[in-house]
Amino acid sequence: MALTPARTMPGVLELLPLDQIAFQRMLDTIRRNYERFGFLPVETPAIEFADVLLTKTGGETERQVYFVQSTGALDSTGEEAVRRMAALAAGSKADESMESLIQKMHKLAFPTPDLALRFDLTVPLARYVAEHERDLSFPFRRYQMQRVYRGERAQRGRFREFYQCDIDVIGKDSLSIRYDAELPAVIYSVFRELAIGPFTIQLNNRKLMRGYFESLGVADPEQQMLVLREVDKLDKRGADHVRDTLVGEGFGLSPAAVEKILAFVQVRSSSLQDAYDTLDALGAGPEALEQGRAELKEVLGLIHAFGVPETHYALNLSIARGLDYYTGTVYETTLNEHPQIGSICSGGRYENLAGQYTKSHLPGVGISIGLSRLYWQLREAGLVGTAQSTVDVLVTQMDESQLPAYLALAGELRAAGIATEVVLEGGKLGKQFKYADRAGIRFAVVLGEDELAKGVVTVKDLRRGDQFEVVRAELVKTLRVELEQAAAMG
RNA sequence: GUGGACGUAGCUCAGCUGGUAGAGUCCCGGAUUGUGAUUCCGGUCGUCGUGGGUUCGAGUCCCAUCGUUCACCCCA
């Protein structure tokens, strides 16, 4: 019989248990910090009605959405479609244009499935808030850590299924700019605890950028958006590339204007005072610029007040973000020692979150950690190793007749909060140690004839490679101390 | 969706100008009766992605197809 190859589709992150534990620890840390800052948990279904997910976006996103159809609803033979087309043709009025008939038939022949997988957590949040508006308290502060799906071609560090860990604050009618400063404070707290090395939360403001472009004669919002996208690539592609593109025919900007734009977006602040000075040095400009400048100054100052060290956040005027729904503050976070990894956390302010679902005006600000990518890239860079097992202790089986004693011992350890596994199958002691070692279990406990005679238990530390005896009654206490030390040393 | 590269043991790869497959690793077993990870010895594993063509003969050349991967677009 031919075997079916056991494989997953490319672009998914499937881990071995010890790696999964490391991943899970990161998730725990993020959740703990989100909750510590007063955000409430929300989960939404992976599958949503397709029309709900696709209302606003269209185009680019639609290409990346996975449509879902239950097998029963599939018209695999096309029979149903043909039947309906025949009925449509038979029932059509004589004066109906061929064009309109063709359009209707096309819809029947190529129906869009009713359901789709979410491609981010922001659109489902918008739907969620619109749907439960009456039951929520505003400003609504929610965190959400779930998998999202994007039907793009797999690439280095890009996934088709990945975790996003979002926090958003949604206001009713209005939302203070102060929240724009709170999110970086949360992120600072998360990344500091994740211990992933020095990082910088970089900030910019779209109003400031648009205002500056406007002052250079780029007044059309659409074109401003295109320029935004282009300068966003500065760090990745280099100034020459951006210059060529902006002077080129797609944009047709004057070389003088382009040079000014390039000088503008190359600004990076080195301290809070430097950021203030830099912003002031831009000089007077259109209203948008003034507004953006005021917002940025307030946000930067408040981040400082939130206790984030100046070394961990900075002004970066090239940060723009590709998504068009951001209207004010935008964020991107990078690791200082691994710039090639790119942004590991980003987001921004949006003027009206749920305009396509409700008439209520719901401005918000949000930020998201792409955990699958972050974890994967940290691992590539050798910054996270495999974790230890969730099992603390393995009780070995020296003597089958003593099994009840082993079970009792394990029960005692568990009652003390120590995760314990008992070897139930027996076998050579060497194999039992090998099993513990490979499974990432740090401690093994041996209770054989010798120990029983002496009233002690042997504890072996698989990692250090040494072992010692403890009086039976002292075992729990000793292991607790050992485990505490092990945890403290990482 | 557009363009390029590659497809040989579970994994990483070698196989020169065509002559019926190899290394490392992993896994399994052993190295005296209660000790893993280190060391030594031994062993399993492949219709060389698939289909067709050229040839006496193809992993090696040609075509197609599928798959993977990188870049672009866009993004976490």
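The chains referred to below are lettered A, B, ... by the order of the sequence lines, with proteins before strands, and numbering in each begins at 1.
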Run the side-chain donor-acceptor check on residues 420-429 of chain A: report pairs under 3.5 Å with partners two or more places apart or on a different chain.
{"from": "A:Thr420", "atom 1": "OG1", "to": "A:Ile418", "atom 2": "O", "distance (Å)": "2.9"}
{"from": "A:Glu421", "atom 1": "OE1", "to": "A:Tyr435", "atom 2": "OH", "distance (Å)": "3.4"}
{"from": "A:Glu421", "atom 1": "OE2", "to": "A:Tyr435", "atom 2": "OH", "distance (Å)": "2.8"}

Sugar-phosphate, base or nothing in reach of [X], heavy atoms under 4.0 Å:
{"X": "A:Ser372", "value": "nothing"}
{"X": "A:Ser343", "value": "sugar-phosphate"}
{"X": "A:Arg229", "value": "sugar-phosphate"}
{"X": "A:Phe159", "value": "base"}

Does any nucleotide pair with [N] by Watson-Crick or G-U wobble geometry, both distances under 3.5 Å, and what is it?
{"N": "B:rC28", "result": "B:rG42"}
{"N": "B:rA23", "result": "B:rU12"}
{"N": "B:rU2", "result": "B:rA71"}
{"N": "B:rU33", "result": "none"}

Query raised in the report: Can you check the A:Ile344 CD1 to B:rC75 C1' distance for me, whole Å?
Result: 15 Å
Hey, what are the protein-to-nucleotides 5-9 of chain B N/O distances that come in under 3.5 Å?
none

Query raised in the report: Looking at A:Lys233, does any N or O in its side chain come under 4.0 Å of the phosphate oxygens OP1/OP2 on B:rC72?
Result: no
Requested in this report: With side chain to side chain donor-acceptor pair (under 3.5 Å) as the test, would you mind laying out the steps for A:Thr334 and A:Gln202 before giving the verdict?
Outcome: CA-CA 8 Å; A:Thr334 50; A:Gln202 306 182 77; 3.0 Å; yes
**Report entry** A:Arg379 with A:Asp19: basic N within carboxylate O range, under 4.0 Å
**Finding:** yes
Report task. Over all heavy atoms of both residues, which pair between A:Asp232 and A:Ala320 is shortest? Give the atoms and the distance, please. Result -> OD1-N, 3.0 Å
Query - Under 4.0 Å protein heavy-atom contacts per nucleotide of nucleotides 32-38 of chain B, with B for base, S for backbone only and - for none - result: --BBBS-
